[in-house]
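Residue indices begin at 1 and follow the sequence shown.
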Amino acid sequence: MEAFSSKDMAMKAQKKILSHMASKSVAHMFIDDNSGEVLDELYRVSKEHSGNRTEAQKVVKNMIKIAVKVGVLFKHDKFSAEELSVAQDFRKKLHSGAMTAISFQEVEFTFDKNVMMELLSECRDLLLKLVEKHLTPKSLDRIRHVFNHYSDPELLTHLYDPHGTLWPNLSKICTGLNRMIEEGKL
């Protein structure tokens, strides 16, 4: 006899519905203003750097979908003790990455794209390890897409150029990240 769980079905429906609703305007209903501002700046960075509005929207939409799906999995206690340990490692690595990004922006001549690329790659790998048993291959590709996009060496170099067009965006991103850290959200 086939095992049926209405709780599992509800979770799958939540993930599906929320992933279809993932847009910046809908995201603002689920996230605080500060996180929304950081997402907006990440969108502007992607759009300015790539010159491709559609690609920038896709990256941010993928980021929102990932966050929503991971949130749904946490809400429904779908992670094992081992996976929760990976989640804690991911959170620590993300925090470290945010602190490093802020430091590179605040202290002149300290930016090292290899360090940022490595931090982003480690975050990607930890997140993939956390959700690999829970999400579809398409969702896993979304994770790779987001992290690979923002760890692009040309984008990072452009972003951290104090005389470049993206510097004001980076300043706003770092201000938002600082707020998230102070509020214990990152």
What's the separation between atom [atom1] in [X] and atom [atom2] in [Y], rounded to the nearest 0.5 Å?
X	Y	atom1	atom2	answer
Lys65	His145	NZ	NE2	12.0 Å
Asn114	Ser121	CG	OG	10.5 Å
Leu126	Lys92	CG	NZ	11.0 Å
Thr54	Lys47	OG1	NZ	10.0 Å
Asp125	Lys93	CG	NZ	10.5 Å
Thr175	Leu170	OG1	CG	9.0 Å

Report task. Take Asn169 and Glu48 through the test side-chain contact (heavy atoms from CB on, under 4.5 Å) and record every step on the way to the result. Result -> CA-CA 10 Å; Asn169 304 92; Glu48 170 79 22; 5.8 Å; no
Just so I know, are the side chains of [X] and [Y] near enough to count as touching, which here means a heavy-atom distance under 4.5 Å?
X	Y	answer
Lys69	Val131	no
His49	Glu154	yes
Val115	Phe104	yes

Query raised in the report: Has Glu183 got more than 12 heavy atoms of other residues, nucleotides or ligands less than 6.0 Å from its CD?
Result: yes
Query raised in the report: Taking everything shown except Arg53 itself, do over 12 heavy atoms lie less than 6.0 Å from its CZ?
Result: no
Requested in this report: For the pair Asn178 and Glu106, evaluate side-chain contact (heavy atoms from CB on, under 4.5 Å) and give the outcome as yes or no after the intermediate values.
Outcome: CA-CA 11 Å; Asn178 255 326; Glu106 290 177 344; 3.6 Å; yes
Considering all heavy atoms of both residues, which atom of [X] and which atom of [Y] are nearest to each other, and what is their separation?
X	Y	answer
Val38	Gly176	CG2-CA, 3.7 Å
Arg144	Arg124	CA-CD, 4.1 Å
Leu186	Leu177	CD2-CD2, 3.7 Å
Met180	Asn34	CG-ND2, 3.2 Å
Phe79	Val70	CE1-O, 4.2 Å
Leu130	Ala87	CD1-CB, 3.9 Å

**Report entry** Candidate pair Val59 and Tyr150, rule side-chain contact (heavy atoms from CB on, under 4.5 Å), full reasoning
**Finding:** CA-CA 9 Å; Val59 170; Tyr150 288 109; 3.3 Å; yes
Is the backbone N or O of [Y] less than 3.5 Å from a side-chain atom of [X], with the two atoms forming a donor-acceptor pair by type?
X	Y	value
Ser85	Ala81	no
Ser103	Met99	no
Ser46	Leu42	yes

Report task. Please step through side-chain contact (heavy atoms from CB on, under 4.5 Å) for the pair His149 and Glu55, ending with a clear verdict. Result -> CA-CA 10 Å; His149 177 81; Glu55 175 62 16; 4.1 Å; yes
Requested in this report: For the pair Lys138 and Asp141, find out whether any cationic side-chain nitrogen is under 4.0 Å from an anionic carboxylate oxygen.
Outcome: no
Query - Salt-bridge criterion met for Glu182 and Arg179 (N-O under 4.0 Å) - result: no
Query raised in the report: Relative to the ring of Phe111, is the ring of Tyr160 parallel (under 30°), tilted (30 to 60°) or perpendicular (over 60°)?
Result: parallel
